[in-house]
Structures are given as C-alpha cells and as structure tokens.
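Presented below is the structure to which this report refers.
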Amino acid sequence: MGNFICKTLSPEILWNALSSIATLSAVLVALFMPWWIQYRRANRLERLIRAEIDENLKKLKNIIQQKETIDLPGGNHIPGQQLKLALAQRIDLKLWHQCKFELAADRPESYEKFESVNAHAEDILNIPNQPPQLQVLILNDSAVSFVKRYKELYGE
C-alpha cells in the first residue's frame with residue numbers, strides 16, 4: 001500500500017493525473033456552457049415578457065373598470081369612451097416585438113403561450129385603424145379576451 005502511494009505521488013504521475021483532470025474539466029465546460037447560457041437567456045426573456053404582460057394586464061383591468069365620465073376643472077369633461085381609448089394607447093408591446101423571434105427559436109411552447117395573450121393586446125393597439133363606431137366595442141372585447149386568456153394560462 002505504501003509503495004502505491006509513493007508511486008502515485010511521484011511528480012511525473014501526479015502531473016499527468018492533474019493535466020488529465022484539467023483537460024476533462026475543460027471539455028465538460030466547452031460542452032455544457034453554450035447550453036447553460038442559452039437556457040439562462042431564454043429564462044430571462046420569459047421573465048421580461050411575462051412582466052410586460054402583467055403590466056398590460058393591470059392597464060387593461062383599469063380600462064375594463066372605467067365606466068363614467070371624468071369631470072375636469074372649468075366645466076369640461078372626458079366621456080368614458082374617449083378615456084378608455086386614451087388609456088388603451090398606454091398598452092406596451094415593445095419588448096415582445098424585440099424578443100419574440102428569439103423566444104420562438106429557443107422555446108416554441110413559451111412563444112405560443114405568450115403569442116396567444118399578446119394577440120389581444122395587438123388588437124387593442126390597432127384600434128385607431130378601425131371605424132370610430134366600433135373602436136370601443138373592439139377595445140372592450142379585446143380587453144376582456146386578454147384577461148380571460150391570461151387567467152387560463154396563469155391561473156391568476
């Protein structure tokens with residue numbers, strides 16, 4: 001037993017063993033590092049897009065609850081329908097537009113889930129292109145659909 005320890009601690013065998021271990025470690029890092037970086041980036045994108053959706057949900061709930069006219073100083077007032085249309089322009093999908101293709105490539109199932117929710121937000125952003133008589137109707141329908149789909153997916 002003592003002879004074995006003496007031979008393995010000899011400098012030439014010790015350095016060969018250490019270099020083999022270092023080479024194996026370098027190969028493992030080279031194999032798994034790209035996967036780990038992509039995994040973390042996709043998780044970060046999902047969290048950012050989910051935060052954007054959560055923020056849009058708060059805005060849309062505010063739009064749905066908005067019913068009455070707001071009175072301003074000087075006897076002026078803003079009708080509820082105009083206020084809803086103004087609030088709808090605060091919906092933000094910038095991050096979604098920037099990252100949706102990258103997310104689709106990395107995580108197609110997450111992309112499909114986010115796309116199903118954001119499709120309703122896209123409808124809301126396209127309201128100014130609709131006939132004025134239909135704008136509030138489309139806004140209400142899309143806002144309710146957004147909230148409903150959000151609850152189906154996230155259960156909140």
Applying side-chain contact (heavy atoms from CB on, under 4.5 Å), run through L45 and L95 and close with a yes or a no. CA-CA 9 Å; L45 281 176; L95 183 64; 5.6 Å; no
Working for side-chain contact (heavy atoms from CB on, under 4.5 Å), residues F146 and I53: CA-CA 10 Å; F146 182 97; I53 289 174; 3.9 Å; yes
Identify every side-chain donor-acceptor pair in residues 115-126 under 3.5 Å, counting partners at least two apart or on other chains, and give the distances.
{"residue": "S116", "atom": "OG", "partner": "K113", "partner atom": "O", "Å": "2.7"}
{"residue": "S116", "atom": "OG", "partner": "R149", "partner atom": "NE", "Å": "3.0"}
{"residue": "S116", "atom": "OG", "partner": "R149", "partner atom": "NH2", "Å": "3.3"}
{"residue": "E122", "atom": "OE2", "partner": "H97", "partner atom": "NE2", "Å": "3.1"}
{"residue": "N126", "atom": "ND2", "partner": "E122", "partner atom": "O", "Å": "3.2"}

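Under the rule for a side chain to side chain contact (heavy atoms under 4.5 Å, CB included), the partners of N140 that lie at least two apart in sequence or sit in another chain are K84, V136. Judged as a side chain to side chain contact (heavy atoms under 4.5 Å, CB included), and not counting sequence neighbours, the contacts of Q135 are L85, I127, Q130. Partners of P131 by side chain to side chain contact (heavy atoms under 4.5 Å, CB included), not counting sequence neighbours, listed by chain and number: Q133, L134.
Sorted by first and then second residue, the ring-ring contact (aromatic ring centres under 6.0 Å, His included) pairs with a member in residues 38-63 read W35-Y39, W36-Y39; sequence neighbours excluded.
The residues K94 and E52 are annotated as not salt-bridged, no charged nitrogen and carboxylate oxygen being separated by less than 4.0 angstrom.
The minimum heavy-atom distance between L87 and N62, with the atom names listed, is CD1-ND2, 4.2 Å.
Judged by distance alone, the side chain of D106 and the main-chain N or O of Q38 form no donor-acceptor pair under 3.5 Å.
When only modelled atom types and interatomic distance are considered, D54 and Y154 share no side-chain donor-acceptor pair under 3.5 Å.
L103 places none of its side-chain heavy atoms less than 4.5 Å from the side chain of K100. A heavy-atom distance below 4.5 Å is found between the side chains of R107 and N43.
Hydrophobic cluster of V27: the remaining members, joined at side-chain heavy-atom separations below 4.5 Å, are L24, L28, L31, F32, listed by chain and number.
When ring centroids are compared, Y111 and W96 come within the 6.0 Å threshold.
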